[in-house]
Participant: 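Before I ask anything, here is the structure I am working with.
Lettering follows sequence order; numbering is per chain, from 1.
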Amino acid sequence: MSTSPPPFSGPPRDTARLELSGITKRYPSVVANDGIHLKVAPGEIHAVLGENGAGKSTLMKIIYGAVQADAGQIQWNGREVVIANPAEARRLGIGMVFQHFSLFETLTVVENIALALDEPFDLKGLAERVSEVSQRYGLPLDPQRLVHSLSVGERQRVEIVRCLLQAPQLLILDEPTSVLTPPAVQKLFETLRRLSSEGVSILYISHKLHEIQSLCHSATVMRGGKVTGTATPSQETPASLARMMIGRELPVCAVPAFAGEATPVLSVRGLSHTPDDPFGTALKDIALEVRRGEILGIAGISGNGQAELLAALSGETTGPASTVSLAGTPVGHLDAGRRRKQGLAFVPEERLGRGAVPPMSLADNATLSAHGQGLVKHGLLRPKAAWAFAKTCIERFDVRCGGPGAAARSLSGGNLQKFIVGREIMQKPIAMVVAQPTWGVDVGAAAFLRQTLIDLSREGVAILVISEELEELFEICDRIAVLAEGRLSDAVPKAQTNAEKIGMQMSGLFADAHATDREPDHAAA
Amino acid sequence: MLEHLIPVLAGTLAAATPLIFAGLGELVAERTGVINLGVEGMMLIGAVAGFAAAAHSGSGALAGLPAGAIGGAMAALIFAVLSLSMAANQAACGLALTIFGIGLSAFIGQHYVSYSLPGLPPLDIPGLSEIPVLGPVLFHQDAVTYLGLLSFAGVWWVLKRTRLGLILKAVGEAPDAAHAIGYPVIAIRYAATLFGGAMAGIGGAYLSTVYTPLWVQNMVAGRGWIAVALVVFAAWNPTRLLLGAWLFGGVTILQFHAQGLGIALPVQLLAALPYLATVVVLVLISRDKRLLQLNLPASLGKPWMP
């Protein structure tokens, strides 16, 4: 991934594909974009680099016509245009892959795609084209599946394929690699480079510095709604890019050595479960052990049983008592509330909707899971205690928000995650299950969250982290296992494996007992 | 045996027709996320508008049905302005519309009490109506009953096979996402709501100008509510809706025959049977929670503003 991008050799650069000048967008409390200038040549892969809240998403929405700028001009192929709505943008040849996917849950993949295409309605023909494009670009996708049964990663593929089918001249990708395996990222980059060589310009929004260095021809860096610099990424170092992006050095986590306590706190044995959802992934004989004071990481791409394993761990689905045990007590048959009482904390993947109730205040959200901390007495709410609890959590975990009364949905992803993690930690769990701890979280908050988890583990809590980000797992975990196609590989100490081996396992190639278990079946068949 | 069965089956189709119209209209509206509980009121307004137009024009159902459609759509427009443009609570607006429809139709209808219309003769489909059994059941009906079945085919085809159907479903599923890719959510919901009103109005006008061409106060008699229930229990699927409407029609006709045979049950109980049977059967077949969840328009009943 550290290879530098091929030299820029697109069509002549005299007419920019897209040129923004003086774009300004004010919201009541914040100036999201302040006099932004940006120029993208035909065939150029242009990075827009910045933390969450830097104004990248607003800028992209302006380009895509979903939001109107208060001031400034947009030039498209040398002509001044007003992009009044997304349909207009698509007509011009602008495609966008959203960070928060704009998909319809109960429609199939091909129906979702048909809705965004301005062309005669032919689902059968379209399904074939979807399969063809998804195969060509290494984005495997079954056109007939219902979107609600897809993982986050698969949903993103739908969005990407949807854009590619429109043969765009400019493709906007918002954090596209966060849910891809390392080989898939390479495949995506090949796709993007091919598109670039065909003359398609690409706006690539990301905060992953090494990706931008390997892929992008040029970069515009944003911070606090302003452009803080432009750069040729291949001539910069990650550190210099990070300084432009966050205005200071890239934070690094301090990982104290694992003391090596062998007491298992959270253990799973012989867990097999076939979900009700016909499109879900069945779990096959899962076994794992999280020891006191360690962080166990589970790598793998969503849709390989992650949702089912999380539900089985949290208690959303229950099974035989012996399958899950907590500090030696079998809890497999207990529901989520009872497991919480026994000291299990849970940070789900979906912050809004599962981790927190979006329109409710932080204080009320604290009461929902931390009611055992004196926030409820004799069945009656104690609003003052909840307020104080939320306030402590906000201060201790550096949650930037309007106070305990702020609605959960008003917080940025990183701040809400800090609040949820904080709320769980303040309940003094003995074991904690965390899913995708830093999905959609900015660099600063991600580093804070990782450090928080490391510190918590060294205080003696057993932590299980399920993540799609390999780098993150290698940074914070003591041992790593891989969940692929509903099977879990044996956990290996971090020092004895590497990203390449884990990446192979993520594709379903176990080089351990599980694979050899399966061999005889094949031989017999 | 057969000679008893034929009139029952033939009557079933006619008795189901008002439910088919009203139910299809409500189904389309609910697919876009709008739950309009005012179906009963819209049917009554359509019934009285249709009856008045038929009585004054002298051209019977030919004038009655379009007038009913317009009446129902106007009633739906009141609902749409309140619940879509002003984002008022849909359940409250719908209930108010039903109460309003009951009152308005009784007020206008007082001029027509015991006034009767010529009705509509059955229309034989040449050739097909000669087929034994099937002929008299299927092809010896009034024209509006055929129109009802054509409407079913049309709605089914639009929902299953066309981009429009997909857009309707998309708007009901995730108005935010539909808005993000550039669909006019409010306009689509207006159109679906007005369509629902017009269909309910036709259903009502069929009752007053064809089925029992005689004005009786509150003559819709709860069929609007059955239509609303049918849509939900049919899991927003037009084919299930059609079957439900036929079931209701069948029990209606059977209990008439039972009354005629002098079965020793109170008439009121017999008259309640179609409603009871429809609800019981629909509850039984819709116990599959996943089916409902998978088909429930996610934004149903939730006000949405761009």
Participant: Take a 6.0 Å sphere around OH of B:Tyr275 and say whether it holds more than 12 heavy atoms from other residues, nucleotides or ligands.
Facilitator: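 Yes, the 6.0 Å shell around OH holds more than 12 heavy atoms from other groups.
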
Participant: I need the A:Leu107 CG to B:Lys169 NZ distance, nearest 0.5 Å.
Facilitator: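 Interatomic distance, A:Leu107 CG to B:Lys169 NZ, rounded to 0.5 Å: 5.0 Å.
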
Participant: Quick check on A:Lys61: does its NZ atom have over 12 non-hydrogen neighbours (other residues, nucleotides or ligands) under 6.0 Å away?
Facilitator: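 No.
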
Participant: Quick one: what part of A:Ala66 sits under 4.5 Å from any heavy atom of chain B, side chain, backbone, both or neither?
Facilitator: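 When you check distances to chain B, no heavy atom of A:Ala66 falls under 4.5 Å.
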
Participant: Once you round to the nearest 0.5 Å, how far does CG of A:Leu123 lie from NZ of B:Lys160?
Facilitator: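 So the gap between those two atoms works out to 13.0 Å.
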
Participant: Can you give me the closest heavy-atom contact between B:Ala174 and A:Leu103, atom names plus distance?
Facilitator: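 Heavy-atom minimum between the residues: CB-O, 4.4 Å.
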
Participant: Of all the heavy-atom pairs spanning B:Glu173 and A:Thr106, show the shortest one and how long it is.
Facilitator: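 That closest heavy-atom pairing would be OE1-OG1, 2.7 Å.
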
Participant: Select, from B:Thr162, B:Ile167, B:Asp176, the one with the greatest count of heavy-atom pairs under 4.5 Å involving chain A.
Facilitator: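 Most pairs with chain A among the choices: B:Thr162.
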
Participant: With a sphere of 6.0 Å drawn around CZ of B:Arg163, does it hold more than 12 non-hydrogen atoms of other residues, nucleotides or ligands?
Facilitator: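 Yes, enclosed.
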
Participant: Measure B:Ala178 against the heavy atoms of chain A and call it side chain, backbone, both or neither at under 4.5 Å.
Facilitator: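 Contact with chain A: backbone and side chain both.
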
Participant: Are there over 12 heavy-atom neighbours, none belonging to A:Glu128, within less than 6.0 Å of that residue's CD?
Facilitator: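 Result for CD/A:Glu128: open.
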
